Amino acid sequence: MAPYRTQTRIIADILTTARDMNTGGEGVGITMLLRKGNVSYGRMTKLITDLVGAGLLEELNLEKSAKYKISERGMSFLTAYFQFEDFAQSFGLKL
Amino acid sequence: MSAQGLVLLENSLQFVGAFVAFSIALVSYKGVRQTQSSSLLRLAAAFVFLGTGFLLEGFYGFGTLQVIPGFEVSLTTLLISGLFLETAGYFFLAFSHMLDVVFDKRMGVMLALFPIMAINQTSLAVILTSLSFYFIVYGVVETLFAYSKNRNPNTLFIASGLSLLASGWWLSLMAGDSILLSIVQLLMKEVGLVILFIPVLKFSFARKSSEWVGPV
């Protein structure tokens with residue numbers, strides 16, 4: 001059974017994928033985010049909408065489909081996430 | 001060391017405990033603002049309650065020793081409020097682990113011991129103390145379980161710190177008039193509190209050494 005992931009962890013996973021898979025600088029498609037994020041299509045589209053709205057992801061409207069890349073704000077979030085994850089883990093908790 | 005000196009030292013320790021608890025709460029609150037994490041919110045709430053509880057108990061102790069002249073508010077109210085807040089703090093700490101237990105769909109073994117620990121005394125103070133002891137032991141068990149999964153040395157530190165606090169607490173109930181046992185339990189609580197402070201120090205140093213862009 002896959003371990004339980006909190007909402008914060010799922011967001012961190014999506015942002016990490018958007019950061020690491022954006023090798024060409026053209027953004028990452030929703031298929032890649034779905035594959036790495038391991039959530040349903042419906043939930044992913046809602047999460048992406050929320051993340052774009054919060055300024056953590058940037059939407060790039062290309063010819064065929066929308067692609068996403070992590071924003072500066074998203075990078076700040078990831079930095080904070082990994083620091084506080086270690087802190088929470090010290091108390092035996094999941095972030 | 002005289003008995004009054006020991007009581008004075010023990011009450012001073014409550015203020016050290018309050019400082020450690022508020023430091024942990026502050027870091028947790030910063031984490032809530034940065035990541036919107038509910039786990040950190042519960043951790044912050046737990047340590048705000050604990051810190052306030054420690055403060056009130058410290059004031060109660062100084063009140064009984066008449067260290068602060070003219071400080072004669074209802075000592076019983078202070079003690080019960082302090083103990084209640086402390087119990088609430090340990091409850092929030094245990095509650096975070098209980099949520100993990102629910103989400104992981106496994107049974108918390110310590111939950112089964114709850115009725116035995118909680119209803120065998122009648123006095124309100126003793127009931128609150130029993131509850132706090134139960135919650136802290138539950139926290140120790142769950143933190144050790146978390147260590148068995150994540151193998152993070154800091155988790156083991158916190159588990160040992162909580163264990164020392166719980167043992168010190170238990171010893172303080174058993175110590176009676178023994179000066180030696182009283183000193184041992186004080187040392188255990190002191191070392192336990194210092195160990196709990198380690199993640200705060202580690203976090204502060206980590207932040208200084210990394211680039212910090214700003215709040216989300």
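Proteins come first, then strands; the chains are lettered A, B, ... in the order of their sequence lines, and each starts at number 1. This one's a predicted model, so the numbers in the text were calculated from it and none came from an experiment.
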Does [atom1] belonging to [X] count more than 12 external heavy atoms closer than 6.0 Å?
X       : atom1 : value
B:Phe19 : CZ    : no
B:Tyr29 : OH    : no
A:Phe82 : CZ    : yes

Indicate yes or no for a side-chain donor-acceptor contact from B:Ser39 to the backbone of A:Lys94 under 3.5 Å, with no hydrogens or angles considered.
yes

Between the main-chain N or O of A:Gln89 and the side-chain N or O of B:Thr155, is there a donor-acceptor pair closer than 3.5 Å?
yes

Option passing side-chain contact (heavy atoms from CB on, under 4.5 Å) with B:Gln34 (candidates A:Tyr81, A:Phe77, A:Phe84)
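Exactly one candidate clears the test, A:Phe84.
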
What part of B:Ile24 is in contact with chain A, defined as an atom under 4.5 angstrom from a non-hydrogen atom: side chain, backbone, both or neither?
both

Taking all heavy atoms of B:Leu43 and all of A:Leu93, pick out the closest pair and write down the distance.
CD1-CD1, 3.8 Å

Could you pull out the closest heavy-atom pair between A:Leu95 and B:Ser37, with the gap in Å?
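Residues A:Leu95 and B:Ser37, closest heavy atoms: CD1-OG, 3.4 Å.
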
Could you walk me through whether A:Asp86 and B:Lys202 satisfy the side chain to side chain contact (heavy atoms under 4.5 Å, CB included) test, starting with their C-alpha distance in whole Å, then the side-chain angles of each, then the deciding distance to 0.1 Å, before giving a yes or no?
CA-CA 10 Å; A:Asp86 191 49; B:Lys202 193 171 175 253; 2.7 Å; yes

Listed partners of B:Phe84 passing side-chain contact (heavy atoms from CB on, under 4.5 Å), at least two apart
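Here the qualifying residues are B:Leu128.
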
Not counting sequence neighbours, which residues clear side-chain hydrogen bond (donor to acceptor under 3.5 Å, both in side chains) with A:Asp50? List them please.
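A:Asp50 satisfies side-chain hydrogen bond (donor to acceptor under 3.5 Å, both in side chains) with A:Lys46 only.
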
Assess the pair B:Phe47 and A:Phe91: is the distance between their ring centroids shorter than 6.0 Å?
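Yes, the ring of B:Phe47 comes within the 6.0 Å limit of the ring of A:Phe91, centre to centre.
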
Would a 4.5 Å heavy-atom cut-off, applied to side chains only, mark B:Asn154 and A:Phe87 as touching?
no

Working to the nearest 0.5 Å, report the span between OG1 of B:Thr35 and CD of A:Gln83.
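It comes to 11.5 Å.
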
Given that the side chain runs from C-beta out, which part of A:Ser90 has a heavy atom under 4.5 Å from chain B: side chain, backbone, both or neither?
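Both parts, backbone and side chain.
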
Determine the option with the most heavy-atom pairs under 4.5 angstrom with chain A, choosing from B:Ala159, B:Pro199, B:Ala146, B:Ser28.
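Result: the option with the highest number of such pairs is B:Pro199.
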
